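Note on naming: letters A, B, ... go to the chains in the order of the sequence lines (proteins, then strands), and numbering restarts at 1 for each one. Side chains are part of it too, since the values below use all heavy atoms of this structure and drop only hydrogens, waters and symmetry mates. Here the structure is a predicted model, which is why all the values come from computation and not from measurement.
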Protein chains: 2
Amino acid sequence: MRVTIKDVARECGYSVATVSLVLNDKESRISAAARAKILKVAEEMNFRPNRLAVGLVTQKTHTIGLIVPDISNFHFAEMCNAIEHECRNNGYIVLLGSYGSSDDQAYEYFKEFIDKRAEGIILAKPRLTELTEKEKMCFSLAQRARVPVVTFEEFKAAKGVRSVSFDFEAGGYLATKHLIDLGHRRIGCITGQSNMVSSLARLKGYKKALSEAGVDFDPQLIYEGEFTLDSGVEALPYLLGQNVTAIFAFNDMMAMGVYKAARNYQLKIPTDLSLVGFDDIDLNEILEVPLTSVTHPAGAMGRESAKQVLNMIDGGEREHGILFHPSLKVRGSTRKLR
Amino acid sequence: MRVTIKDVARECGYSVATVSLVLNDKESRISAAARAKILKVAEEMNFRPNRLAVGLVTQKTHTIGLIVPDISNFHFAEMCNAIEHECRNNGYIVLLGSYGSSDDQAYEYFKEFIDKRAEGIILAKPRLTELTEKEKMCFSLAQRARVPVVTFEEFKAAKGVRSVSFDFEAGGYLATKHLIDLGHRRIGCITGQSNMVSSLARLKGYKKALSEAGVDFDPQLIYEGEFTLDSGVEALPYLLGQNVTAIFAFNDMMAMGVYKAARNYQLKIPTDLSLVGFDDIDLNEILEVPLTSVTHPAGAMGRESAKQVLNMIDGGEREHGILFHPSLKVRGSTRKLR
DNA sequence: CGGCTTTGATAAAACGTTTTACCAATATTC
DNA sequence: GAATATTGGTAAAACGTTTTATCAAAGCCG
């Protein structure tokens with residue numbers, strides 16, 4: 001049913017080798033006549049090479065694997081988009097894996113993508129504190145197969161893998177410092193899961209800013225969320241109970257939750273409560289009270305990740321990776337105390 | 001470097017055939033001893049089969065191709081997420097293509113995915129009015145290769161392809177009817193590109209509702225947007241110039257643009273202007289003035305698309321496809337006139 | 001013990017390409 | 001006109017699997 005190179009060869013009376021040579025434009029001594037005829041027949045027959053076969057022999061698939069926790073999440077959607085674009089522009093196609101809440105699934109994809117001969121892998125897996133056995137196994141698998149790996153938003157993962165990461169600590173510091181400068185002292189925190197490196201780092205920045213200002217750290221002001229809207233909704237009543245005058249949410253989604261909950265409590269932001277988010281999603285500008293937030297450039301970081309894998313595929317040496325830095329976008333949701 | 005089935009065979013002293021049989025758990029008469037040893041050795045050596053080779057011989061790749069205009073768009077992000085999940089749960093992996101504003105690119109992906117032996121394709125390409133040559137070529141390519149295709153949000157594309165579509169006309173009707181019922185007569189419309197079937201359908205619904213209420217259609221009230229935030233921002237001043245009392249935006253993003261612009265004009269929604277959106281994205285509930293919107297269930301539709309391809313891959317017959325229906329979520333952005 | 005089954009395993013073809021080494025025919029040189 | 005170089009093209013191996021038909025050895029029967 002599908003037309004193969006053999007069909008083309010038979011049809012135009014040349015050998016398979018000749019057809020392949022011509023179609024791939026290899027330098028070789030094939031007469032102009034043969035060349036023309038082959039090109040014409042291949043076109044007419046609508047011949048398309050089987051990439052599996054090509055990949056098998058050339059060891060090149062022009063495919064990279066992309067593993068993210070959740071594509072429908074703003075941050076990762078942006079990131080995926082940038083990666084997809086960068087790859088496309090370099091002739092690469094992306095295999096997508098979204099593992100949701102199943103940590104194991106991430107590594108199933110990892111293995112599967114290697115089996116499918118992806119030439120590189122971008123892994124966006126907020127790492128828990130230590131590398132598990134499974135993780136080690138995957139990295140060593142990749143290493144033995146010489147498949148370059150880029151970890152997204154991790155400071156370091158394993159040797160031989162580059163990481164495109166982000167200075168979450170500086171972000172936490174910036175947000176907190178801003179609130180302190182505005183006179184706030186009781187600053188609530190809505191964190192992410194406590195075993196997540198990126199959440200811990202933000203918290204470290206928060207503590208650092210406090211301590212610089214001579215404010216004691218109060219664990220009562222910390223609410224552990226899960227980066228979801230609902231976490232923000234639930235955090236607000238608790239933190240109000242702690243008499244906070246400001247809240248630093250570890251991502252914008254949770255800040256949105258605070259907005260939403262605040263309406264129920266007749267609370268005005270920023271009059272009654274200052275609020276800082278993290279990620280600086282586009283949405284922030286559209287809100288009635290635009291959200292002050294820490295920038296976290298998903299697109300740029302995604303693009304960079306893609307560049308890094310592609311570069312490694314091209315033979316670039318394994319380096320240390322690259323670190324992105326945050327800045328603070330001050331908008332209407334924060335205000336001088338009193 | 002990578003361990004192949006030959007390596008395993010050599011290592012444990014059996015033939016490649018035997019190893020393959022055991023590893024794939026084929027019913028065949030292999031001694032328990034051999035079986036045990038092979039399993040053990042394969043495990044120890046960390047053997048993983050090359051999927052390209054497997055695909056070449058079995059003609060199965062357990063891969064489907066997904067083509068969307070823009071992953072970072074809420075609607076498609078939701079859709080992709082659902083598809084990815086459904087596929088994963090059925091042992092399929094997705095190849096992702098996002099073609100942005102380049103129509104041609106969509107078909108480049110289409111061909112590329114077929115070449116890569118995707119077993120099915122989901123194409124989310126808001127079709128312009130007529131099928132182009134290229135499109136026809138792609139569909140016939142898929143047909144000859146017996147690769148099932150599902151078009152997303154198209155009423156029909158070509159024979160042999162199922163479509164998962166949405167009744168945009170009913171959506172347009174619902175939104176408009178609602179505004180009319182509230183007493184509005186001069187209702188502005190922010191449409192999508194005028195050659196897009198789905199935009200035309202919404203418009204048809206709009207006109208139908210008007211005519212049922214005996215209101216004359218006024219082309220001056222139509223502003224052609226591009227489904228972007230900025231389109232909404234730009235549309236507002238124009239429509240205000242036409243003295244509208246309500247606006248129906250063909251998607252929520254453009255409605256957000258109206259919100260944003262309204263702030264600059266000191267306009268209160270819904271006091272001074274009623275606003276209805278389309279898509280009913282999660283965000284709508286979070287807004288200070290929650291947006292009344294027409295539901296458009298991206299997740300459910302994505303899941304259904306995946307089910308349809310998977311079913312066709314399993315030998316299910318080509319049917320007519322399936323049509324999703326809208327409903328109206330009334331929230332705070334619309335209000336009785338005067 | 002000779003023929004027939006059963007058991008356990010394998011050789012080899014196939015999937016659709018790329019690529020290298022080689023070959024036959026023609027042209028060139030002296 | 002023989003030796004040599006050039007031209008145009010191809011055969012065949014390789015990539016890493018799956019699968020079918022076949023084979024050798026062992027077991028069974030009378």
(Q) What is the separation between atom NZ on K37(A) and atom P on dG8(D), rounded to the nearest whole Å? (A) 17 Å
Q.
Here's a test for you: under side-chain contact (heavy atoms from CB on, under 4.5 Å), which of V68(A), L96(A), I67(A) qualifies with Y109(A)?
A. I67(A)
Q: When you get a sec, tell me which of dC15(D), dG9(D), dA9(C) is the closest nucleotide to the side chain of A34(B)?
A: dA9(C)
Q) Relative to the 5' end of DNA chain D, which residue comes earlier, S15(A) or A53(A), by the nucleotide with the nearest heavy atom? A) S15(A)
**Q.** Global bending angle along the helix from dC1(C)-dG30(D) to dC30(C)-dG1(D), which compares the axes of five pairs at either end, to 10 degrees
**A.** 60°
Q: Could you tell me whether the phosphate oxygens of dT18(D), OP1 or OP2, come under 4.0 Å of any side-chain nitrogen or oxygen in K26(B)?
A: no
Q: Could you go through the side-chain hydrogen bond (donor to acceptor under 3.5 Å, both in side chains) check for Q308(B) and S305(B) one step at a time?
A: CA-CA 5 Å; Q308(B) 298 273 344; S305(B) 311; over 6 Å; no
Q) If you look at every strand shown and take non-hydrogen atoms under 4.0 Å, does L52(B) touch a base, only sugar-phosphate, or nothing? A) nothing
Q.
Under 4.0 Å from OP1 or OP2 of dG8(C): is there any side-chain N or O of S31(B) that close?
A. no
Q) OP1, OP2 of dC15(D) versus side-chain N and O of N50(B): anything below 4.0 Å? A) no
Q | Below 4.0 Å: OP1/OP2 of dC15(D) and any side-chain N or O of T4(B) | A | no
**Q.** N or O in side chain of S20(A) less than 4.0 angstrom from dT18(C) OP1/OP2
**A.** yes
